[in-house]
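Right, one structure below, let's go through it.
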Amino acid sequence: MSSHNKEAVTFEFKPDDFIMADNRRIGIDRVYPAQSYWKDVISSFLKNKGAAAGFIAIVFVIFMAIAGPYMNGYTYNEQIIANQNLAPRVPILEKLGIMDGSETMNTSTGKVTVNRYVDPQKTTGLENTYYWFGTDVLGRDIFTRTFMGTRISLYIALVAVLVDMCFGMSYGLISGYFGGAVDNAMQRFAEILNGIPTLVIVTLLMLVLKPGLATITLALAITGWIGMNRVARAQVLKLKEQEFILASRTLGAGDFYLIFKEILPNIFGQLIIMSMFSIPNAIFTEAFLAFIGLGVPAPLASLGSLISDAFKSFTTHPYMIISPVIVLAVIMLSFNMLADGLRDAFDPKMKEM
Amino acid sequence: MNKDKVLSIRDLSISFQTSAGEVNAIRGVNLDLYQGETLAIVGESGSGKSVTVKAIMGILSGNGKVKSGTIDFTSRKSGEEMKEELLSFSKKEMRRRINGRRIAMVFQDPMTSLNPTMPIGSQIMEGMRYHYKTNKKEAYEKAVKLLDLVGITEPEKRMKSYPHQLSGGMRQRVVIAIALSCDPEILICDEPTTALDVTIQAKILELIKDIQKKTGISVIYITHDLGVVAKVADYVAVMYAGKVVEKGLSEEIFYDPRHPYTWGLLSAMPDLDTHDEVLYTIPGSPFNLLNKTEGDAFAERNRFALNIDYRLEPPMFQVTETHYAATWLLHENAPAVSMPEALKDRIKRMGEEVNSLGGE
Amino acid sequence: MEENRKPLLEVKDLKQHFKLGRKFSIKAVDGVSFRIYPGETYGLVGESGSGKSTIGRSVIRLYQPTSGEVWFQGTKISGKLSPQDTKHLRTNMQMIFQDPMACLNPRKKILDIVAQGLDIHHMYTTTEERAEKVYRILDMVGLSREHANRYPHQFSGGQRQRIGIARALIMEPELIIADEAISALDVSIQAQVVNLMKELQKQTKTAILFIAHDLSMVKYISDRIGVLHLGHLVETGTTEEIFLRPIHPYTRSLLSAIPKPDPVSERSRTAFTYDLKGMGIDYLSGTEHHVEGEHYVLGTDDEVKRWLTDDFLQQ
C-alpha cells in the first residue's frame with residue numbers, strides 16, 4: 001500500500017500551524033448562496049433559444065396588432081372599388097424586382113405577368129400608390145386588415161387565458177382540494193360538458209344570439225376551461241398531502257387560506273404554462289369558426305375570415321391568403337414555443353448530480 | 001498482506017457541471033476491495049459515497065466528468081486473472097460486460113428497483129438470459145435456487161408472484177436474488193436496509209453475510225448507519241466532502257478512531273447505554289460542495305481544528321499498516337489531542353463487554 | 001412520579017380505520033389508549049405500518065378518528081368540535097414533520113413560514129411585533145435574524161427541521177407531536193436536533209409525543225415509551241421499565257435488533273425473530289396487564305404469565 005504514502009510531498013509549515021485554531025467560526029450556520037428562484041427560471045429560459053425567439057415574435061406581433069392598422073393611410077373597412085385585387089407593392093423592395101406590384105395570372109392564353117400599378121402604355125393613377133400586402137376583392141388594404149384580424153386573435157388569446165385562470169383554475173382547485181363527493185360531482189359535470197363538441201355548442205349559440213365576437217367569447221368560455229380544470233385538480237391532489245400543507249392545517253388554517261395562499265403559489269407556474277398551451281388552440285378554434293362562416297360579421301376581419309375570403313380567389317390571387325396565414329402560423333407557433341420553454345424553465349427535470 | 005485485490009480505485013476525481021457552477025463531488029479517492037471481503041463506505045449526504053459507486057458501475061449522470069484516476073478491476077472468474085480498467089469502457093461496453101454480470105448492485109428502495117408489471121421469476125431470469133444466453137429451463141431452475149438461497153420459502157410458487165404481493169423485506173430479498181443471478185464478483189449495496197424496518201434490516205444483513213460466506217463474493221456497502229457497518233464490514237472508509245478522511249479495518253475504526261469527524265459520527269449515535277444530558281454533536285451542516293474552501297473541508301465543523309487546517313489540506317497519515325487518517329492531528333508536531341470523553345467511555349465499555357463475552 | 005397528576009393528553013381506545021372500497025378497510029390503529037403528562041416526553045415506537053404516525057395525525061385531528069376518545073387539557077377533542085375547541089387545539093398542540101424537504105412551503109420566506117400561526121390566529125398587533133416574535137424563536141432554535149428573509153431551499157436538512165420546530169414553538173404549545181422528526185436527517189444532524197428539542201423542552205416545559213422507529217434515539221429522549229405493533233399498543237411503561245425488563249416478545253425482538261457501533265459484538269449477534277402467527281398471539285383477545293409501576297403489557301392471562309416467568313426469549 002505504498003501508494004498511500006503521500007507524506008513524501010513536502011509541506012511548508014508556519015510556526016503557528018500546530019496550535020489549536022481559534023474556533024470562533026465553529027458552528028456558524030452557513031446557508032446556501034442566494035440563488036433566487038426567479039433568477040434560475042429566467043436564466044434557463046434565456047438559454048432556450050426557441051422560447052426566446054417565440055417570446056420576441058409574440059412581442060413583435062402584439063406591437064404590430066397595436067400599431068399596424070395605423071401605419072399606412074388606409075382603414076380596414078374603406079372600399080376602393082377601383083383598387084381591387086392589387087398585388088403587394090413595397091417602396092424599396094420594388095427596385096429589387098420583388099413585391100413590385102406585378103403578379104402572374106393564369107389566363108386562357110397562358111401565363112401573363114400583369115402590373116396594375118405601373119403601365120408604360122398609360123397612366124393608371126396608381127404610380128404613387130403602395131399596398132404593402134395588396135388589396136382584396138373589394139379594394140381593401142390587406143395589411144391593415146391582417147393586423148386588425150390579429151387584434152381579434154390576440155383578444156381571443158386573452159379570453160382563453162382569463163377563462164383558464166379565473167374559471168378553470170378555481171374549479172380544479174376546489175374540486176381537487178375538497179375531494180370526495182364534491183370532486184365527483186364537479187368532475188362528472190365537466191366531463192358531460194366536454195362530451196359535447198364545440199362546434200355544436202357554437203352553432204346552437206348562433207341560433208340564440210347574434211353571430212359576433214361576444215358569441216364566440218361565450219362559446220370559448222363554456223368549454224375552454226375544462227383542460228385547465230383537470231391540470232389544476234391533478235396538481236392539487238399531488239400537493240394536498242404534502243407535509244407543509246398538513247403543517248398549515250395543524251396551525252388551524254382555513255380551506256381558502258390553504259387553497260389560495262399555500263397551494264396556488266406552488267402550482268401557479270405550471271398553470272400559466274398550461275394556459276399558454278391553450279392559447280394556440282383557442283386562436284385556431286376562432287379561425288376555424290370564421291373560416292366556416294361563423295366568425296365576426298363583416299366588415300370586421302379576423303385572421304380566419306381573411307383566410308376564408310382569400311381562399312375563394314386563392315387560385316387567381318394567391319398573395320391575399322399568404323399574409324394572414326403567415327401571421328396565424330407565427331402566433332400559434334410562437335405561443336407553443338414560449339410555453340414549451342417556460343415549462344422547461346419552471347420544471348427542470350434533469351437532475352444535476 | 002497477500003490477499004487478492006478485486007477492485008482498486010486510485011486517485012479518482014469526478015466533477016459535475018451544474019447551473020450553479022462546477023461541483024467537485026470526488027476529490028482524489030483511493031480505495032481497495034479484496035476478494036471475499038466487505039468494504040463499507042460511510043458518510044453523510046453529499047460526501048460523495050454514492051458518486052464513487054456510480055463511477056464503478058459507469059452510471060454517472062450526463063453532466064458528470066471523470067477528471068482523473070483509474071478503477072482497476074481484476075476478474076478471477078474463469079480461473080485466470082484478467083485485469084481491466086473500468087473507466088476506459090464506454091457505457092455500452094459496461095452494460096454488456098460488467099454491469100450485472102461482474103458487478104451487481106442492490107439499491108435502497110426495493111419497490112422502485114423491481115418492475116411492477118413482471119413476475120419476479122422472469123425478472124431474476126432476465127439477466128442470465130441476456131448475459132449468458134441461458135436457455136429457459138436452466139434459467140428457471142437457477143432462479144428457483146436463488147430464491148431459496150435468499151431465504152424465500154416455497155420458491156417455486158413465488159416465481160409467479162408480482163412485486164406488490166410481497167412485503168418490503170421479501171422484495172429486498174428478490175432484488176438481492178436478481179443481483180446474484182449472473183454470479184457477479186462484486187456486489188454493491190447502496191443503503192440496502194434504510195427503507196426497511198429494524199427487525200427486517202438485521203435479517204437482510206445476516207442474509208448478505210451468509211451469501212458472502214457461501215459464494216465468496218466481495219461486497220461494497222454504502223451507508224450512513226454505523227450500526228450496519230459494525231455488523232458487516234471488514235474494512236471501513238469514512239468519506240467527507242468528496243475525500244476519504246479515514247480508512248482501516250473495522251476494529252480500528254470503531255475502537256481506535258483517529259479523525260475528529262469519525263469521533264463525531266461515532267459519538268453522535270447514542271447507544272442504549274448513553275445517559276449523557278447532551279449528545280455529542282458535530283456542529284454546523286454537512287459540507288456543501290458548492291462552497292470552495294481553502295485547507296481542510298472539515299475544519300469549520302471541527303472542534304479540534306489547528307491553524308494549519310484552514311490553510312492546507314492534510315495528507316493521509318499512516319497509523320498502522322492498514323489504518324490511515326487524513327488529519328493534521330497525527331503530524332508529529334501536533335499537540336496531543338484525544339477523542340471526546342463520551343466516546344472514550346463507550347469504547348472502554350465495549351472492550352469490557354467483549355472481554356466478558358470472551359470469558360464466558 | 002406522583003400518582004395523581006392530571007394528564008395533558010388522554011387517548012382512550014382510539015381506533016382509526018381507513019376505507020378501501022366498499023368491503024375492505026385497513027385498521028391502522030385498533031384500540032390504543034395512553035396518557036401524556038405535562039412536560040414529559042412520550043416515545044411511540046414501531047415499524048412502518050404499525051400505525052404510529054396515524055395515531056399522531058388522529059390526535060391532532062388531521063384525520064377523523066373512527067371511534068374512541070381523545071381528551072386534551074380536560075377538553076374532549078375527538079368528535080365534533082366547537083370553534084373555541086378548534087382554536088384551543090390548533091394553538092396548543094403542534095406538530096413537527098418528517099421530511100425537511102417537504103415540510104416548508106418552498107414559495108414562502110422563513111419569516112412568513114414561522115409567523116403563519118400568528119397570522120392565522122391574529123396574535124399580534126403590528127408587523128414589528130410579528131417580526132420580533134419570529135426573531136426571538138429563530139434565535140431559540142439557533143438561527144439568526146438574517147435567515148428570516150431567505151427561502152427554504154437555501155437551507156440544509158437540519159436547518160429546515162429547526163425552522164419546522166420554530167414554526168411549532170411560536171404558538172407556545174403545551175404538546176408537540178414530533179412525527180419521525182429526525183429519521184430523514186444525517187446522523188450528525190440527528191444529534192443536533194435531538195439536543196435542541198431537549199434543550200427547548202427544558203426551557204418551555206412542553207410535552208412531546210416523539211414518534212420514531214429508531215429505538216436508541218427514543219430511549220435517549222423519552223421518559224415513557226409505548227411499543228406499537230399492527231395498530232395495537234403491545235407494551236408501555238417508563239423507559240427504564242421497557243429497556244431493563246421487556247416483557248412482550250415483540251418488544252424483545254425490537255430491542256435485540258438495535259444495531260450497535262461495536263463490530264465484535266455485532267458480528268456474533270443474531271436478532272431474535274418475532275413471529276406473530278407462530279407464537280399464536282392474537283392481539284384482539286389480549287387485555288392490558290399491569291406489570292409494575294407504569295408498566296403495562298398486552299396479552300391474554302396465559303401469555304403474560306408465560307412471558308413473565310419464562311426467560312425463553314432471552315437467548
Side-chain angles (χ1 to χ4, degrees), chain B residues 42-47 168 195-203 205-206 209 224-233 236 249-251 253-255 261 264-272 274-286 288 301 346-347 349-351 353-354 357-358, chain C residues 45-50 142 154-160 162 183-196 198-199 202 213-221 229 239 243-244 250 252-275:
Chain B
V42 194
E44 297 176 286
S45 49
S47 61
L196 304 174
D197 296 317
V198 249
T199 43
I200 298 158
Q201 194 173 12
K203 292 273 162 302
L205 295 178
E206 279 160 23
K209 256 169 63 178
H224 63 265
D225 186 340
L226 287 163
V228 170
V229 177
K231 196 168 178 70
V232 298
V236 181
L249 294 171
S250 187
E251 284 84 354
I253 300 291
F254 282 98
Y255 300 141
Y261 179 65
L265 275 188
L266 283 168
S267 18
M269 180 185 169
D271 65 359
L272 294 179
T274 307
H275 297 290
D276 312 321
E277 256 315 288
V278 180
L279 284 174
Y280 181 90
T281 62
I282 305 174
S285 301
N288 179 2
R301 297 181 69 191
R346 185 192 307 171
I347 290 172
R349 224 165 38 222
M350 291 192 297
E353 205 175 304
V354 169
L357 277 178
Chain C
V45 236
E47 39 192 64
S48 52
S50 63
Q154 288 174 260
F155 293 88
S156 66
Q159 290 170 329
R160 289 184 207 202
R162 281 189 263 160
S183 15
L185 302 173
D186 278 315
V187 185
S188 70
I189 306 302
Q190 285 188 356
Q192 279 180 18
V193 173
V194 166
N195 278 347
L196 176 71
K198 273 199 127 176
E199 173 62 33
K202 226 187 265 168
H213 64 265
D214 179 351
L215 271 170
S216 38
M217 275 298 179
V218 170
K219 177 181 182 225
Y220 176 70
I221 198 170
H229 190 226
T239 307
F243 276 83
L244 292 178
Y250 179 69
R252 297 188 194 193
S253 86
L254 267 187
L255 290 182
S256 79
I258 302 171
K260 279 192 213 165
D262 179 356
V264 173
S265 67
E266 261 309 308
R267 276 180 210 153
S268 53
R269 199 173 57 107
T270 46
F272 155 70
T273 321
Y274 176 62
D275 183 4

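Just the heavy atoms: all of them, side chains too, but no hydrogens, waters or symmetry mates, feed the values below. Small disclaimer: the values here were computed from a predicted structure and weren't measured. Just so it is clear: chains get the letters A, B, ... in the order the sequence lines come, proteins before strands, and each one is counted from 1.
How far NE2 of His224(B) is from CG of Leu185(C): 9.5 Å, rounded to the nearest 0.5 Å. For the atom pair CD of Gln201(B) and CD of Glu47(C), the computed distance is 11.0 Å after rounding to the nearest 0.5 Å.
Take Gln190(C) and apply the side chain to side chain donor-acceptor pair (under 3.5 Å) test, not counting sequence neighbours, and it matches no residue.
The minimum heavy-atom distance between Glu44(B) and Ile189(C), with the atom names listed, is OE2-CG1, 4.3 Å. Considering every non-hydrogen atom in both Tyr280(B) and Ala191(C), the closest pair reads O-CB, 3.9 Å.
Ranked by non-hydrogen atom pairs under 4.5 Å with chain C, the options Ala230(B), Gly227(B), Ser267(B) are led by Ala230(B).
Side-chain atoms of Tyr255(B) and Val264(C), non-hydrogen and from C-beta on, do get closer than 4.5 Å to each other.
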**OP:** Please report the C-alpha distance between Asp262(C) and Glu251(B) in whole Å, then the side-chain angles of each, then the deciding distance to 0.1 Å, and finally whether the side-chain contact (heavy atoms from CB on, under 4.5 Å) criterion is met.
**Re:** CA-CA 8 Å; Asp262(C) 179 356; Glu251(B) 284 84 354; over 6 Å; no
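The closest donor-acceptor contact from the side chain of Asn195(C) to the backbone of Leu279(B) lies under 3.5 Å.
Using a 4.5 Å cut-off between heavy atoms, Leu266(B) contacts chain C through its side chain alone, with no backbone atom that close. For a residue to count as touching a neighbouring chain, one of its non-hydrogen atoms must lie under 4.5 Å from one of that chain's; by this rule Val236(B) does not touch chain C. The parts of Ala268(B) that come within reach of chain C are both its backbone and its side chain, each placing non-hydrogen atoms under 4.5 angstrom from that chain.
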